[in-house]
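Report on the following structure.
Below, all heavy atoms of this structure are taken into account, side chains as well, without hydrogens, waters or symmetry copies. When a ligand or atom number is given, it counts from 1 through the structure's own listing order.
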Amino acid sequence: MTQPEAPGGEYPELHTIIEPFRTRSVEPIPFSTPQERAAWLEAAGHNPFLLRADQVTIDLLTDSGTGAMSSHQWAAMIRSDESYAGASSFYKFEAAVKDIFGFKHVIPTHQGRAAERILFSIGVQPGQVVPSNTHFDTTRANIEFAKGEARDLVIAEGRQPQTIHPFKGNMDLDALRRTIAEAGVENIPFVMITITNNSGGGQPVSMANIRAVSEIAHEHGLPFIIDACRFAENSWFIKTREEGYADTSTLDIAREIFSYADGCTMSAKKDGMANIGGFLCLNDDAMALNARNLLILTEGFPTYGGLAGYDMEAIAVGLYEALNENYLRYRIRTITYLAEKLAAAGVPMVQPPGGHAVYIDARAMLPHIPDSQYPGWSLANALYVVGGVRAVEIGSVMFGRQPDGSERPAPMDLVRMAFPRRVYMQSHVDYLAEVILAIHARRETVRGHRILWEPPFLRHFSVQMQPV
Ligand code: F0G
């Protein structure tokens, strides 16, 4: 049964979109005082990644692997086959992935970045350029680790937090053509696109743009690979925002998306609704053979790729649950609901809100903190101390350091509050809005930060900071 847009039918006053599940197993939330949190944050080097989870009240660090699984998933997990080779759990997983994604080869990996590492190890030569709308940080790091260049070609609107556009994740097609012409086809291993565009605000890509990128890539004989982490949320946005898709199921929309591609990387920790897992899909036999050889070296045999049989069972069920339209309506509504509360109080945000998270524009909210003192990082730390909320900076700490070691402010300095799937209820969201509004009301008291120590790659995970 589909919950209609107006749940009350003839009773228009019944308009609340409810959580499409009830709870049968609960997990207590830790509470603490602002003084305790300030001390814990200091001990963690002012880096929320280094906090213990039991020091966090509302954990919005990521929507990755943090979701609640369904009774159907747990039931499937109990029935798993843990055979080393040829487990039935693999064939169920493979059948589900083929049914939705439609690719010839399905290669399980322990999570998304393992799929990325394998793809870039076999596919990227030093100096080659990999265009995308916006590469996620692990994708960028894995391309750079293979000595390639990750190039972001999102449309101009995608870099302007306040500009409204239904598909801010779209790729700039002229920029793609220019990049191919300038770099030369031989210097581009493949063209990628991330759905939804996480680093650009969780913004969707339209079917028309996916089709056009595919056509341009194929005109030049280049494979087209989709970073598919949030494919179900992207499918919902196509259904609700793109002309001609209102009556198409999200499952069929997903199938059409992937019909334009030659492969995908996937983190099943997002729209796979699982706590761990991922996969690499390819149509090309030779590439798949190379990928499986590398898989055996570092992940595992091709019928488990670093996953337990029960993980593959959870993913096989979860991929369909992520496409369930009652779920997607509630999911996207939760994000919009928070964004509406913040917008009403004038909190600057990436607008419209994306699929899995609300992104506050910290640069605009905290103009007294210069880019060199990391406004996004500073806001994320304030959210923790004031409300016990853990969010993540997507700004100059994450993206500001260049491959040559120099420092350049990221195009946007955002704080992402990502929602674990099926975990938090409406009162949690109401509380979260109160925390943000309280900080916004006293925003000139938030202090900037400087870096004390940083590692060579992906510095945000372990960087040590200090308030200035
Ligand atoms: N691609 C995108 C768009 C992602 O958002 C992520 C992970 C990955 C690839 C890598 O997948 O974590 O399974 O290795 N994003 C998480 C996040 C970490 O918080 O957004 P992974």
Side-chain angles (χ1 to χ4, degrees), residues 48-49 53 56 59-67 107-120 130 132-145 150 152 154 158 168-169 171 192-205 225-234 257 261 263-281 298-299 305-307 311-312 314-315 318-319 322 335 350 354-359 376 380 390-395 397-399 414-421 423 457-462:
F49 276 104
V56 176
D59 205 343
L60 306 178
L61 187 67
T62 179
D63 63 323
S64 181
T66 51
I107 300 170
T109 60
H110 80 272
Q111 62 183 82
R113 68 198 69 182
E116 293 168 357
R117 193 190 55 79
I118 290 171
L119 176 67
F120 304 143
V130 184
S132 185
N133 46 354
T134 314
H135 292 279
F136 185 65
D137 60 348
T138 59
T139 323
R140 168 173 290 280
N142 272 297
I143 291 170
E144 289 171 359
F145 191 69
D152 295 338
V154 73
K168 287 176 91 167
M171 196 184 301
M192 292 189 76
I193 207 160
T194 314
I195 62 171
T196 56
N197 190 26
N198 184 9
S199 306
Q203 297 292 322
V205 182
I225 308 285
I226 296 179
D227 176 340
C229 294
R230 298 177 182 83
F231 76 98
E233 291 166 7
N234 203 96
I257 290 173
C264 74
T265 55
M266 174 72 186
S267 168
K269 301 171 74 172
K270 284 82 168 176
D271 281 346
M273 294 287 206
N275 297 128
I276 195 71
F279 48 86
L280 170 63
C281 290
T298 60
E299 292 278 301
L307 297 176
D311 296 322
M312 294 187 284
I315 296 166
L319 289 169
I335 309 296
V350 175
H356 66 297
V358 168
Y359 293 67
R390 179 154 66 169
V392 67
E393 185 246 35
I394 301 211
V397 176
M398 189 178 276
F399 292 121
L414 307 175
V415 171
R416 182 186 77 172
M417 294 170 296
F419 281 74
R421 292 168 179 75
V423 169
F457 305 107
L458 297 171
R459 66 179 178 185
H460 49 288
F461 289 125
S462 53

Inset, instruction - Dump the intermediate steps for side-chain hydrogen bond (donor to acceptor under 3.5 Å, both in side chains) on E299 and T109, then the final yes or no. - result: CA-CA 7 Å; E299 292 278 301; T109 60; 4.9 Å; no
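Applying side-chain hydrogen bond (donor to acceptor under 3.5 Å, both in side chains) to D137 and the options R113, H460, R459 leaves one that passes, H460. Of the options V154, T194, N234, a side-chain contact (heavy atoms from CB on, under 4.5 Å) to V205 is made by N234 and by none of the others.
With a 4.5 Å cut-off on side-chain heavy atoms, L307 and I315 count as touching. Side-chain atoms of Q111 and I276, non-hydrogen and from C-beta on, do get closer than 4.5 Å to each other. Counting heavy atoms from C-beta on, the side chains of E233 and H356 come closer than 4.5 Å. F419 has its side chain out of reach of T66: every pair of non-hydrogen atoms, C-beta onward, lies at least 4.5 Å apart. Looking at Q203 and N133, their side chains never come closer than 4.5 Å, going by heavy atoms from C-beta outward. Counting heavy atoms from C-beta outward, I394 and Y359 have side chains that approach closer than 4.5 Å.
Atom 21 (P) of ligand 1 has its closest protein heavy atom at Q111 NE2, 3.3 Å. The shortest contact between atom 11 (O) of ligand 1 and any protein heavy atom is with K270 NZ, 3.2 Å. At the top of the distance list for atom 12 (O) of ligand 1, counting protein heavy atoms only, stands R113 NH2, 2.8 Å. For atom 13 (O) of ligand 1, the nearest protein heavy atom (residue, atom name, distance) is S267 OG, 2.7 Å. Taking atom 10 (C) of ligand 1 as the reference point, the nearest protein heavy-atom neighbour is T138 OG1, 3.4 Å. Protein heavy atom at the shortest distance from atom 9 (C) of ligand 1 is E116 OE2, 3.0 Å.
Remark: distances from the non-hydrogen atoms of G278 to ligand 1 are all 4.0 Å or more. Ligand 1 lies out of reach of H356, whose nearest heavy atom is not under 4.0 Å from it.
Annotation: L61 places no N or O atom under 3.5 Å from an N or O atom of ligand 1; distance criterion only. Taking any N or O of T196, backbone or side chain, none lies under 3.5 Å from an N or O belonging to ligand 1. For T62, a nitrogen or oxygen atom sits less than 3.5 Å from a nitrogen or oxygen atom of ligand 1, counting backbone and side chain alike.
Every atom of ligand 1 with a heavy atom of T194 under 4.0 Å away is listed here by number and element: 3 (C). Residue-ligand proximity, R416 to ligand 1, at heavy-atom distances under 4.0 Å covers atoms 17 (C), 19 (O), 20 (O). Residue G112 approaches ligand 1 through these ligand atoms, each under 4.0 Å from one of its heavy atoms: 11 (O), 13 (O), 14 (O), 21 (P). Below 4.0 Å from some heavy atom of D227 lie the following atoms of ligand 1, by number and element: 1 (N), 2 (C), 3 (C), 9 (C). Listed by atom number, the atoms of ligand 1 under 4.0 Å from R230 heavy atoms are 3 (C), 4 (C), 5 (O), 17 (C), 20 (O).
At a 4.0 Å heavy-atom cut-off, ligand 1 touches K269 through the side chain alone.
Between R421 and D63 a salt bridge is recorded (basic side-chain N to carboxylate O distance below 4.0 Å).
In this structure, the separation between CG on N198 and CG on D227 is 8.5 Å, given to the nearest 0.5 Å.
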